[in-house]
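Each chain gets a letter, A, B and so on, in the order its sequence line appears, and its residues count up from 1.
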Amino acid sequence: MQQQCLRHSGNDPVDSELYPEIYAALNSIPKGAVTSYGAIARIVGCGPRQVGYALRRLPKETKLPWYRVVSSSGRISLPKGQGYEVQHQLLCDEGIDFNLKGRIDMKRFSWHG
DNA sequence: TAAATGACTCGCT
DNA sequence: AAGCGAGCCATTT
């Protein structure tokens with residue numbers, strides 16, 4: 001089922017501009033690059049967990065490149081079966097190279113504002 | 001209001 | 001190299 005968002009519910013972070021900095025940072029990530037939660041946290045001036053929170057609240061249909069955010073270890077934080085495969089595929093489509101252990105070479109692909 | 005949770009990170013073992 | 005625990009702070013219950 002879907003929520004009726006026709007009014008100012010305040011429950012929708014994207015619409016309510018809860019973390020405009022984070023969403024802006026996501027759009028700032030160039031295509032074919034990734035960044036870590038900590039890097040974004042650094043930009044917006046909050047903790048890395050809050051970045052994860054903001055991303056988790058994004059709707060599936062979001063236009064934001066949420067998939068370009070990975071852990072500082074170059075590893076996808078989403079558990080398998082909960083979006084891991086999706087993010088992996090999206091990154092592969094952008095040319096991100098994965099290690100045999102499913103790790104990204106951050107020295108090569110990581111981006112920082 | 002207080003306690004628990006989490007798409008993190010770092011340091012130690 | 002890999003695993004474990006503590007710190008972190010907004011959101012949720």
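Two residues are said to be in side-chain contact when any heavy atoms from C-beta on lie closer than 4.5 Å; A:I40 and A:T35 meet this criterion. In this structure, A:N27 and A:L64 have side chains that are in contact, with non-hydrogen atoms separated by less than 4.5 Å. Side-chain contact check for A:L58 versus A:Y23: some heavy-atom pair is nearer than 4.5 Å. Contact annotation: the side chain of A:W66 approaches that of A:Q87 to within less than 4.5 Å [non-hydrogen atoms, C-beta and beyond].
Comparing B:dT9, C:dA10, C:dC8 by their nearest atom to the side chain of A:Q50 picks out C:dA10. If you check C:dT11, B:dA7, B:dT9 against the side chain of A:S71, the one that comes closest is B:dT9.
Each of A:P48 and A:Y53 lies near DNA chain C, and the nucleotide nearest A:P48 is the one positioned closer to the 5' end.
Atom CG of A:L55 is separated from atom P of B:dC8 by 10 Å (rounded to the nearest Å). One atom, CD1 of A:I43, and another, P of B:dT9, lie 13 Å apart when rounded to the nearest Å. Rounded to an integer number of Å, the gap from A:L78 CG to B:dG6 P is 13 Å. Across the protein-nucleic acid pair, A:I40 atom CD1 and C:dC8 atom C1' stand 17 Å apart, rounded to whole Å. If you measure from atom CZ of A:R49 to atom C1' of C:dT12, you get 14 Å, rounded to the nearest angstrom. Whole-Å rounding puts the A:Q82 CD to B:dG6 C1' distance at 12 Å. Atom P of nucleotide C:dA1 and atom CZ of A:R75 are separated by 15 Å, given to the nearest angstrom. Between A:R42 atom CZ and C:dC9 atom P there is a gap of 13 Å when expressed in whole angstrom units.
In terms of phosphate contacts, A:K101 brings a side-chain nitrogen or oxygen within less than 4.0 Å of OP1 or OP2 of C:dA2. Using a 4.0 Å cut-off, no side-chain N or O of A:S72 falls inside it from OP1 or OP2 of B:dC8. In terms of phosphate contacts, A:R57 brings a side-chain nitrogen or oxygen within less than 4.0 Å of OP1 or OP2 of C:dT12.
Both A:V70 and A:Y67 are members of a single hydrophobic cluster when ILVMFWY side chains are connected at heavy-atom separations under 4.5 Å.
Residue contacts shown for A:S36 are limited to sugar-phosphate atoms, with no base heavy atom under 4.0 Å away.
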